[in-house]
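Notes for the one structure printed next.
Just so we're clear, the structure is a prediction, and the values are computed from it rather than from any experiment.
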Amino acid sequence: MRKTGLALVALMATAGCATEPASPMGSDLFAMMGGVSPEESDRKAAQLNGSPLGSEKNPVRANMPAGQREYLSRLRCADGRAPSASRIGSMGAGPYGSIVDAYAVICAGSSPAESTVYMDMYHPAHVETKAVPGFTIVN
């Protein structure tokens, strides 16, 4: 009896998944994790444009941890060298409603000496092309 009940639950779950439409990001798991649709992301970004990019009020949008690392790898210090970056941690919900991460970004022997860059990794359709203040970016 127990095996039959479990099989029925599994069958119902599979059937429900097959009939539900895909999330705007193409992954229901991603949406459950707090992913932001491209339309909502762009709409909200236009409202946040008054705050400096990379600040708590206007985090850099990225596609998961790989997108955060990719963005940070393109930043350049005043001397043209790549800064070092290390994750400080999660800082709670940001202006997009998803979790924001903070990174310590350091330009050894150059400027800015040390900056904190806030990033929101729940934007699968976005690749940021602008640099945070004090840096340039390689595109």
- request: If you link ILVMFWY side chains whenever their heavy atoms are less than 4.5 Å apart, which other residues fall into the same cluster as V100? By chain and number, please.
  value: I88, M91, Y118
- prompt: Atom CD of E128 and atom CD of E70: how far apart are they, to the nearest 0.5 Å?
  reply: 10.5 Å
query: When rounded to the nearest 0.5 angstrom, what distance separates CG in L75 from OG in S84?
result: 11.5 Å
task: Heavy atoms only: give me the nearest E56-P59 pair and the separation to one decimal.
output: O-CD, 3.8 Å
query: Do you know the tightest heavy-atom contact between A104 and E114?
result: CB-OE2, 4.1 Å
query: Can you hop from Y71 to V105 via hydrophobic side chains spaced under 4.5 Å?
result: yes
Side-chain donor-acceptor pairs of residues 131-138 under 3.5 Å, sequence neighbours excluded:
none

message: Checking T116 against Y103 for the side chain to side chain contact (heavy atoms under 4.5 Å, CB included) test, could you report, in this order, the C-alpha distance in whole Å, the side-chain angles of both residues, the deciding distance, and whether it holds?
response: CA-CA 6 Å; T116 301; Y103 285 83; over 6 Å; no
task: With rounding to the nearest 0.5 Å, note down the distance linking CE in M121 to CE in M64.
output: 4.5 Å
message: Which heavy atom of P83 sits nearest to which heavy atom of C77, and what is that distance?
response: CB-SG, 3.6 Å
message: Please report the interatomic distance OG(S110) to CZ(R81), rounded to the nearest 0.5 Å.
response: 6.5 Å
- prompt: Would you call S73 and R69 a side-chain contact if the rule is heavy atoms closer than 4.5 Å?
  reply: no
Test item: K44 and P95 side chains (from C-beta on) under 4.5 Å apart, heavy atoms: yes
- prompt: Any idea which heavy atoms bring D120 and S98 closest together, and the distance?
  reply: OD2-OG, 2.7 Å
- prompt: Is a side-chain donor-acceptor pair under 3.5 Å present for S41 with R61?
  reply: yes
query: Quick one: does N58's side chain get under 4.5 Å of S55's, heavy atoms only?
result: yes
field: H123 side chain reached by Y96 side chain, heavy atoms, under 4.5 Å
entry: yes
- request: Name all residues meeting the side chain to side chain donor-acceptor pair (under 3.5 Å) criterion together with S90; count only those two or more places apart in sequence or in a different chain, and write none if there are none.
  value: R87, D101
message: Could you measure the distance from the CD1 atom of I106 to the OG atom of S115? Nearest 0.5 Å is fine.
response: 9.5 Å
query: Any side-chain donor-acceptor pair under 3.5 Å between T129 and N139?
result: no
